[in-house]
Participant: 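I am attaching a structure below and will ask some questions about it afterwards.
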2 protein chains.
Amino acid sequence: MTHSPWQPITPAKPARERKAPLTRDRIVDAAMELLRKEGYDGVSMRKVAQELKTGPASLYAHVANKRELDQLLVERATAGMSFDDPVDPARWQEQLKDVMRAMLGAMRANPGVARAAIGAVPTGERALQTTERMLALLKAGNLPDQAAAWAVDLIPLYVTAIAFEETVQSASDWTAEDVEAFVAGLRAYLAGQPADRFPLVVALAGPLTSGASGDERFEFGITVITAGLAALAQS
Amino acid sequence: MTHSPWQPITPAKPARERKAPLTRDRIVDAAMELLRKEGYDGVSMRKVAQELKTGPASLYAHVANKRELDQLLVERATAGMSFDDPVDPARWQEQLKDVMRAMLGAMRANPGVARAAIGAVPTGERALQTTERMLALLKAGNLPDQAAAWAVDLIPLYVTAIAFEETVQSASDWTAEDVEAFVAGLRAYLAGQPADRFPLVVALAGPLTSGASGDERFEFGITVITAGLAALAQS
DNA sequence: ACCTGAACACCGTTCAAGT
DNA sequence: ACCTGAACACCGTTCAAGT
């Protein structure tokens with residue numbers, strides 16, 4: 001049996017390329033793209049599989065479950081972080097803030113990943129590097145071991161919570177105007193409360209609803225945390 | 001057409017009692033019970049409806065959507081909080097910590113509610129009272145208005161994040177031994193890292209994995225935050 | 001006005017069967 | 001060893017129809 005001339009013999013190479021084997025990396029690639037395009041809720045095992053032109057069951061040969069995939073997404077998103085300026089004990093507080101800013105930046109660059117990071121205990125290469133960096137800075141600030149260790153837990157907790165809050169607003173179909181309208185409504189609601197029962201709420205309705213988005217609120221938080229940590233330094 | 005004697009005429013009253021009208025309150029009651037029994041993931045519109053012996057569509061006459069139901073659960077869970085000791089400017093830091101402890105207590109008493117609280121902006125009666133209380137304490141500590149306002153945002157953010165982390169572990173089917181085994185495994189993993197690359201991670205593997213559950217970690221966090229806030233006091 | 005059944009468009013995960 | 005189709009047991013929300 002011969003092949004007719006216009007029907008090429010299916011070459012081995014293209015066939016392999018057309019259907020590259022599934023790998024963890026390709027799964028994370030596809031999930032990451034979905035995360036960026038559609039946010040956290042857009043990342044489902046089914047949609048990731050569809051993106052890879054296969055069924056959801058196929059993913060389970062490479063990824064234990066959705067939780068593990070979430071973890072891999074967090075690692076991928078934070079892979080870009082790096083801290084190469086040497087630890088300067090005189091500037092440990094500012095350098096610690098820089099770590100927190102880098103963490104928030106990594107999450108903001110991949111909207112939705114904060115949601116995936118919330119329950120995760122990241123143990124990858126990058127997580128270890130970040131932990132090492134934070135511990136070095138905290139020890140430079142003369143914090144006791146246990147305080148330094150707990151701080152390493154507190155810091156990502158705060159940054160992740162902030163990033164998550166930000167994406168809750170933006171992930172839904174709210175426009176900037178919607179958010180503004182919501183904030184304005186909230187301000188009016190607070191200002192309209194009975195001043196005899198909630199005097200400070202009424203008086204501070206403005207400050208209470210300002211800087212909800214933007215960096216001021218985050219900068220406030222990292223300033224409070226850093227100052228609070230500095231207060232724990234050993235003589 | 002007559003009724004046969006042994007077939008009673010269906011009485012109006014029992015029929016009405018048998019099927020009490022759906023109300024917001026009854027919906028929240030049922031949801032709260034599900035939350036306590038099965039955790040956050042056990043609370044679905046469908047299951048709440050089933051508990052009330054109706055279909056999921058019926059709930060939408062009283063509750064806008066799942067997000068609103070979540071909000072109502074948070075309000076219900078925190079309804080028990082009350083702060084009746086007068087603000088004592090000399091003890092504002094300790095009193096602020098008490099507010100945070102009360103918040104965590106309310107969430108712990110209703111495992112799963114932290115998950116519902118994460119995205120919510122609570123605006124109910126109890127939320128206003130708590131906000132007023134915190135503002136009073138912060139002003140007693142001489143914080144500027146904007147700092148006090150942002151602190152009112154930071155504090156629930158932290159407490160909710162802690163409570164949520166706690167329920168992530170307990171909500172799954174993990175036993176206390178499972179958690180212990182996981183922590184021990186994590187400690188071994190950290191201690192086994194290359195000491196030349198991650199010296200502090202290796203050296204502090206113990207402290208890094210201690211107090212993961214329990215109050216020490218939370219107490220550390222509220223101490224850091226309170227001290228950091230105190231550092232912002234105006235002369 | 002309130003309630004309902006049924007449908008729509010989804011989920012994560014498992015499993016027997018294929019290659 | 002890896003992949004697949006089909007199924008299982010679920011979701012939140014909408015809508016036309018009933019009372």
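Computed over heavy atoms, backbone and side chain alike; hydrogens, waters and symmetry mates excluded.
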Participant: In whole angstrom, what separates B:Lys53's NZ from C:dG5's P?
Facilitator: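 For the pair B:Lys53 NZ and C:dG5 P, the rounded distance is 13 Å.
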Participant: Could you spell out the base pairing of DNA chain C as a dot-bracket line? Use Watson-Crick and G-U wobble contacts where both distances are under 3.5 Å, [ ] for crossing pairs, | for partners on a different strand.
Facilitator: ||.|||||...|||||.||
Participant: Do A:Leu128 and B:Leu190 come close enough that some side-chain heavy atom pair is under 4.5 Å?
Facilitator: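 A side-chain contact under 4.5 Å exists here.
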Participant: Any side-chain heavy-atom pair from A:Lys47 and A:Glu38 closer than 4.5 angstrom?
Facilitator: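 When only atoms from C-beta onward are counted, A:Glu38 and A:Lys47 do touch, with a gap below 4.5 Å.
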Participant: Shorter than 3.5 Å, N or O on both sides, protein versus nucleotides 9-11 of chain D: list them out with atom names.
Facilitator:
{"from": "D:dC11", "atom 1": "OP1", "to": "B:Ser44", "atom 2": "OG", "distance (Å)": "3.1"}
{"from": "D:dC11", "atom 1": "N4", "to": "B:Arg46", "atom 2": "NH2", "distance (Å)": "3.3"}

Participant: Does B:Tyr60 reach the side chain of B:Met45, with side-chain heavy atoms less than 4.5 Å apart?
Facilitator: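 SC-SC contact between B:Tyr60 and B:Met45 confirmed.
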Participant: Tell me which one of B:Arg76, B:Glu33, B:His62, B:Glu75 satisfies side-chain contact (heavy atoms from CB on, under 4.5 Å) with B:Val28.
Facilitator: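 Output: one option passes, namely B:Arg76.
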Participant: List in numerical order all residues of residues 56-66 of chain B for which some heavy atom is under 4.0 Å away from an atom belonging to DNA chain D.
Facilitator: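 Hits under 4.0 Å, by residue number: B:Pro56, B:Ala57, B:Tyr60, B:Asn65, B:Lys66.
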Participant: For the side chain of A:Thr209 and the backbone of A:Gly206, is there at least one donor-acceptor N/O pair under 3.5 Å apart?
Facilitator: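 Here the side-chain-to-backbone pair exists.
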Participant: Is it true that B:Glu68 and B:Arg24 make a salt bridge, defined as a side-chain N closer than 4.0 Å to a carboxylate O?
Facilitator: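 Answer for the salt bridge query: yes.
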Participant: Over how many whole Å does the gap from A:Leu69 atom CG to C:dG12 atom P extend?
Facilitator: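 In whole Å, C:dG12 P and A:Leu69 CG are 9 Å from each other.
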Participant: When rounded to the nearest Å, what value does the distance between C1' atoms of C:dC10 and D:dA9 take?
Facilitator: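 My reading of the C1' atoms in C:dC10 and D:dA9 gives 13 Å.
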Participant: So, using side chain to side chain donor-acceptor pair (under 3.5 Å) as the criterion, who are the partners of A:Glu219 when residues are at least two apart?
Facilitator: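 A:Glu219: side chain to side chain donor-acceptor pair (under 3.5 Å) contacts with A:Arg101.
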Participant: Can you tabulate the close N/O pairs, meaning under 3.5 Å, that link protein atoms to atoms of nucleotides 16-18 of chain C?
Facilitator:
none

Participant: I want to check something: taking the side chain as every heavy atom from C-beta on, are A:Leu135 and B:Leu208 in contact at a cut-off of under 4.5 Å?
Facilitator: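 Yes, their side chains come closer than 4.5 Å.
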Participant: Hey, does A:Ile155 have a side-chain heavy atom less than 4.5 Å from the side chain of A:Leu96?
Facilitator: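 With C-beta onward as the side chain, the pair touches.
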Participant: Contact between A:Met134 and A:Met103 at the side-chain level, heavy atoms closer than 4.5 Å - yes or no?
Facilitator: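 In contact.
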Participant: What is the separation between atom CZ on B:Arg24 and atom P on C:dC2, rounded to the nearest whole Å?
Facilitator: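 The distance from CZ of B:Arg24 to P of C:dC2 comes to 13 Å, rounded to the nearest Å.
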Participant: By salt bridge (Lys or Arg N to Asp or Glu O under 4.0 Å), which residues pair with B:Arg133, not counting sequence neighbours?
Facilitator: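 With neighbours one apart ignored, the set is B:Asp85.
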Participant: Look at the rings of A:Phe218 and A:Tyr158 and say which category their plane angle falls in: under 30° parallel, 30 to 60° tilted, over 60° perpendicular.
Facilitator: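 Aromatic pair A:Phe218/A:Tyr158 classed parallel.
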Participant: Could you tell me how far apart B:Leu22 (CG) and C:dC3 (P) are, to the nearest whole angstrom?
Facilitator: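 So the CG-P distance, B:Leu22 to C:dC3, works out to 5 Å.
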Participant: On a heavy-atom basis, which atom in B:Leu138 and which in B:Ala148 lie closest, and how many Å separate them?
Facilitator: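 What the structure gives for the nearest pair is CD1-O, 3.5 Å.
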